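See below for the structure under consideration.
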Amino acid sequence: MTVQVRNQNIFAETALISHWTAGETHSESAAYITQVVSDRGVEDFPAGNVEGGDLVAVLFRTNATSITFKVECFQSKAMARWMIFEWV
């Protein structure tokens, strides 16, 4: 999910709020931020465990124009929430 924010100062957050499995011995769910465009330029963050590194779930940026959130699942179902706080 990519959200356009029109040159705003933002504090963004995402969180996994529910994870379901149906008797699977190995499962995974995650919620994180994959990209933000701001006065720092385009920043791409690790896209899950495939690329390695720490997943980004919270960030602050000035003059942001867009932010992309992602939820991924393996042998499960998941639900997440995302919030963007803007101020002038």
Side-chain angles (χ1 to χ4, degrees):
M1 165 66 93
T2 299
V3 180
Q4 304 299 317
V5 289
R6 297 187 193 148
N7 292 320
Q8 295 292 319
N9 298 330
I10 64 167
F11 177 81
E13 174 185 31
T14 186
L16 189 65
I17 59 174
S18 193
H19 169 88
W20 301 280
T21 62
E24 300 294 340
T25 55
H26 297 87
S27 65
E28 177 185 346
S29 295
Y32 49 94
I33 297 167
T34 60
Q35 184 184 74
V36 65
V37 180
S38 69
D39 56 4
R40 293 184 182 188
V42 178
E43 296 175 86
D44 292 309
F45 303 108
N49 291 331
V50 174
E51 292 182 23
D54 294 328
L55 300 179
V56 175
V58 177
L59 60 76
F60 165 80
R61 292 296 182 269
T62 54
N63 296 317
T65 56
S66 72
I67 184 165
T68 304
F69 300 93
K70 183 176 181 179
V71 176
E72 71 177 7
C73 301
F74 173 72
Q75 295 187 27
S76 63
K77 294 190 297 184
M79 185 169 37
R81 64 151 169 80
W82 52 266
M83 294 188 293
I84 301 172
F85 302 94
E86 301 177 350
W87 67 93
V88 215

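Since we're looking at a predicted model, the values are computed, not measured. Sequence positions, counted from 1, serve as the residue numbers for this chain.
Chaining together hydrophobic side chains whose heavy atoms lie under 4.5 Å apart places Val37 alongside Val42. Through ILVMFWY side-chain contacts below 4.5 Å, Leu16 is grouped with nothing and stands alone.
Scanning for side chain to side chain contact (heavy atoms under 4.5 Å, CB included) contacts around Thr25 gives an empty result, with sequence neighbours left out. Glu43 meets the side-chain hydrogen bond (donor to acceptor under 3.5 Å, both in side chains) test with Arg61; sequence neighbours excluded. Take Arg81 and apply the side chain to side chain contact (heavy atoms under 4.5 Å, CB included) test, not counting sequence neighbours, and it matches Glu13, Ala15, Ile17, Met83. Phe60 is linked by a ring pair (Phe, Tyr, Trp, His ring centres under 6.0 Å) to Trp87, counting only residues two or more places apart in sequence or in another chain. Qualifying side-chain hydrogen bond (donor to acceptor under 3.5 Å, both in side chains) partners for Thr65, counting only residues two or more places apart in sequence or in other chains: none. With sequence neighbours left out, the side chain to side chain contact (heavy atoms under 4.5 Å, CB included) criterion links Phe74 to Glu28. The side chain to side chain contact (heavy atoms under 4.5 Å, CB included) check on Thr68 picks up Thr2, Thr34, Gln35, with sequence neighbours excluded. Partners of Thr62 according to the side-chain hydrogen bond (donor to acceptor under 3.5 Å, both in side chains) rule, which considers only residues two or more places apart in sequence or in another chain, are Asp39. Scored by the side-chain hydrogen bond (donor to acceptor under 3.5 Å, both in side chains) test, Ser27 finds His19 as partners (sequence neighbours excluded).
Separating the CE atom in Met79 from the OG atom in Ser29 is a distance of 11.0 Å, to the nearest 0.5 Å.
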Taking it one step at a time, do Val71 and Trp82 satisfy side-chain contact (heavy atoms from CB on, under 4.5 Å)? CA-CA 10 Å; Val71 176; Trp82 52 266; over 6 Å; no
Check the pair Val36, Val56 against side-chain contact (heavy atoms from CB on, under 4.5 Å), reporting the backbone distance first and the verdict last. CA-CA 11 Å; Val36 65; Val56 175; over 6 Å; no
Would you check, one step at a time, whether the test side-chain contact (heavy atoms from CB on, under 4.5 Å) holds for Ser38 with Asn63? CA-CA 5 Å; Ser38 69; Asn63 296 317; 5.6 Å; no
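Between Val5 and Ser66, the closest heavy-atom pair is CG2-N, 3.9 Å. In this structure, Phe69 and Ala12 approach most closely via the heavy-atom pair CZ-CB, 4.3 Å. When every heavy atom of Phe45 is checked against every heavy atom of Ile33, the shortest pair comes out as CB-O, 3.7 Å. Closest non-hydrogen pair, Ile67 versus Ile84, comes out as CG2-CD1, 3.6 Å.
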